[in-house]
Amino acid sequence: ISNRFQLPATDMFANPARVPGDLGFDPLSLGNNPATRAKYELSEVIHGRAAMMGFSGVIHQMIVTKQPIIYSLLHWKSVDSSAFKLGGAAAKLGY
């Protein structure tokens with residue numbers, strides 16, 4: 001099933017037989033084997049979720065520090081380890 005590389009949402013979702021993630025581009029024919037296709041579909045979902053969590057971390061860092069992310073990367077400061085005090089069960093682990 002292919003949408004013939006029609007990427008606008010109105011054209012892409014017009015075909016009711018289209019499966020999610022199938023944009024008709026598979027030059028290595030990785031989706032021909034059903035077993036490996038299921039594995040690739042699952043890993044695509046997992047990696048997509050991890051990327052969304054990473055991006056939300058970047059957004060939250062910009063909100064908390066009130067500075068653009070590139071400023072935080074270029075002006076990195078090391079923090080004294082005594083600034084973090086572990087309490088409760090974490091203090092008993094010997095860190």
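Just so it is clear, the structure is predicted and the values come from calculations on it, not from any experiment.
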Who passes side chain to side chain contact (heavy atoms under 4.5 Å, CB included) against Val58, sequence neighbours left out?
Met62, Ile69
Please name all residues satisfying side chain to side chain contact (heavy atoms under 4.5 Å, CB included) with Glu44, sequence neighbours left out, ordered by chain then number.
none
Inter- and intrachain pairs under ring pair (Phe, Tyr, Trp, His ring centres under 6.0 Å), touching residues 47-74, at least two apart
Tyr71-His75
Run through the side-chain heavy atoms of Ile, Leu, Val, Met, Phe, Trp and Tyr, join any pair under 4.5 Å, and report what else lands in Leu42's cluster.
Ile46
Met53: which other cluster members, linking ILVMFWY side chains closer than 4.5 Å, directly or transitively?
none
For Leu30, the other hydrophobic cluster members (4.5 Å side-chain criterion, sorted by chain and number) are Leu28, Tyr40
